[in-house]
Protein chains: 2
Amino acid sequence: MESPKKLQDIKVAVDAVIFGYFDKKDLQILLIKRNIEPFKGGWALPGGLVLDDESVDDAVKRELYEEAGIKPDFLEQLYTFGSLGRDPRNRVVSVAYLGLVNPSYHELFADSDAEEAQWFSINRLPSVAFDHKTIIETALKRLRTKIQYQPIGFNLLNEEFPFSDLENLYKTIVGQEIDRRNFRKKIMSYGLLNETNNVKKEGSGRPGKLFTFNKEKYKELEEQGFYFEIK
Amino acid sequence: MESPKKLQDIKVAVDAVIFGYFDKKDLQILLIKRNIEPFKGGWALPGGLVLDDESVDDAVKRELYEEAGIKPDFLEQLYTFGSLGRDPRNRVVSVAYLGLVNPSYHELFADSDAEEAQWFSINRLPSVAFDHKTIIETALKRLRTKIQYQPIGFNLLNEEFPFSDLENLYKTIVGQEIDRRNFRKKIMSYGLLNETNNVKKEGSGRPGKLFTFNKEKYKELEEQGFYFEIK
DNA sequence: TCAAAAGTGTTTCGTTTACACCCATGA
DNA sequence: TCATGGGTGTAAACGAAACACTTTTGA
């Protein structure tokens, strides 16, 4: 933090990789159709320049709300991309965030004049502007490891969910088969799920009990040095 | 990454938390005595504004070399601090880095006209400028957790080190007693240490064999999905 | 021969893994 | 009664934790 020899000319932006999960589908990422150059008409991560009078954290939240109508349940800083030539116009340093939402609680702004927000399966992403592909890869990697040692996955599920949703979520994100019995035993051993009196209605087969995640209890345990972990 | 409505006026800086370790002493942090306002004469993390034609990663390296004559063995991005009011002069967003060096391989620029760099025990830090205290705390937390699942600690030791140095390092950083036998068994089981023919000369007691860390083997194992872990 | 640090094995305990059948529901 | 997904227990294998004495050196 020294005074500049000559005036610095770098812009500060934010970009967000927002994951959504629809049961029985892939993991999805939120993209915005650009309505200005460069990459006009192409897809890009939601984001934009930070305003002078807002924190960087606030900037992402604002952009997400403006561009897609979304207020993520979970949002954390991912990594700052600061190499040269990221943006063909200016030098732009971009602070990337990783967010999680349950898409059924968030109606997207679709087909408005200005912007179009849309979910894309991570297995069928269109090509994206700037270095956003790298950012997405970084986010995916982080999500895959983080979900194994912090109970962040619940942010992708409904408030009340059948156990199988959780199972499918982990299978999808981590990308490998899990032993249903061992997985359930492990999760249940933490005592972080509350059983509701409701059951899953749709689908065939025996209806599953619905659970909620006990966020308060988790915070409490966490303060006592508890570590959530799924192998 | 949208075009600005009015011109953005935010500076981008880097700050580095560089840890050094002297055997039998505390963990140390590198601070620089400021020779300009604000906080002139006070201590601060090494760092400064990013130049227009260098990447953010390069900016930290340059600043560290200019301000302290140091080229860290390990350096990674820590977190970006982007709240308002961090710097009394301008709006500054700062990308913080965490670095590790072996101080005996790095002579500091001390008492030069321009700058003075000095090691401080993390247990006896002076008060530091800006929000650097927060940055240091973030770095310490990261170091404490990361050293337990990545073999980064070797960057703090001599090229050849007795096993006891490693033991003390972990005791110091993690801040709790370790079982010498179990610790040695665990480390040795990874087969990442090469035994040299040399022994530790100084000190009393039975001389310990010196080891080197096999970086190549670690990289190889890592690619095969191996995870280093110390509980 | 004493003080100081290095070097070393075994048992116990808890956790992880592997594995398959019955249950509840709607069609 | 059949198809579909929900719900459950146990034994074997493995890794973590607890624990103390002998060795080598220099003073």
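Letters A, B, ... are given to chains in the order of the sequence lines, protein chains preceding strands, and every chain is numbered from 1.
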Q.
Students should find this one: the first and last nucleotides of DNA chain D, 5' to 3', lying under 4.0 Å from a heavy atom of chain A. What are they?
A. D:dT4 to D:dT10

Q) Any ion pair linking B:Glu137 and B:Lys141 (charged N to carboxylate O, less than 4.0 Å)? A) no

Q: Identify, with sequence neighbours excluded, every residue that meets side chain to side chain contact (heavy atoms under 4.5 Å, CB included) alongside B:Arg142.
A: B:Glu76, B:Leu78, B:Leu98

Q. For the residue pair A:Phe213 and A:Phe211, is the inter-centroid distance of their aromatic rings smaller than 6.0 Å?
A. no

Q.
Among residues at least two apart in sequence or on other chains, which ones pass side-chain hydrogen bond (donor to acceptor under 3.5 Å, both in side chains) with A:Arg144?
A. none

Q: For DNA chain C, determine which residues of residues 146-170 of chain A have any heavy atom closer than 4.0 angstrom to one of its atoms, and list them numerically.
A: none

Q. Got a sec, which residues hit ring pair (Phe, Tyr, Trp, His ring centres under 6.0 Å) with A:Tyr190, two or more places apart in sequence or on another chain?
A. A:Phe226, A:Phe228

Q. Looking at residues at least two apart in the chain, or sitting in another chain, which of them share a side-chain hydrogen bond (donor to acceptor under 3.5 Å, both in side chains) with B:Ser121?
A. B:Asp26

Q. Of all residues at least two apart in sequence or in a different chain, which pass the ring pair (Phe, Tyr, Trp, His ring centres under 6.0 Å) check with B:Tyr218?
A. none

**Q.** Exam field: side chain A:Thr172 to backbone A:Leu27, donor-acceptor pair closer than 3.5 Å
**A.** no

Q) Which ones in residues 178-197 of chain A lie close to DNA chain C, meaning a heavy atom under 4.0 Å from one of its atoms? A) A:Asp179, A:Arg181, A:Asn182, A:Lys185, A:Lys186

Q: Go through the structure and list residues passing side-chain hydrogen bond (donor to acceptor under 3.5 Å, both in side chains) with B:Asn198, not counting sequence neighbours.
A: B:Glu160

Q: Under the side chain to side chain contact (heavy atoms under 4.5 Å, CB included) rule, collect the residues that match up with A:Glu223, sequence neighbours excluded.
A: none

Quick one: which protein N/O atoms are closer than 3.5 Å to N/O atoms of nucleotides 24-27 of chain C? Pair and distance per line, please.
{"unit_1": "C:dA24", "atom_1": "O4'", "unit_2": "A:Arg206", "atom_2": "NE", "d": "3.3"}

(Q) Classify the ring geometry of B:Phe130 against B:His132: parallel below 30°, tilted from 30° to 60°, perpendicular beyond 60°. (A) tilted

Q) Could you give the CG-to-P distance, from B:Leu210 to C:dA5, as a whole number of Å? A) 17 Å

**Q.** Results of side-chain hydrogen bond (donor to acceptor under 3.5 Å, both in side chains) for A:Tyr97 - residues two or more places apart only
**A.** A:Asp57

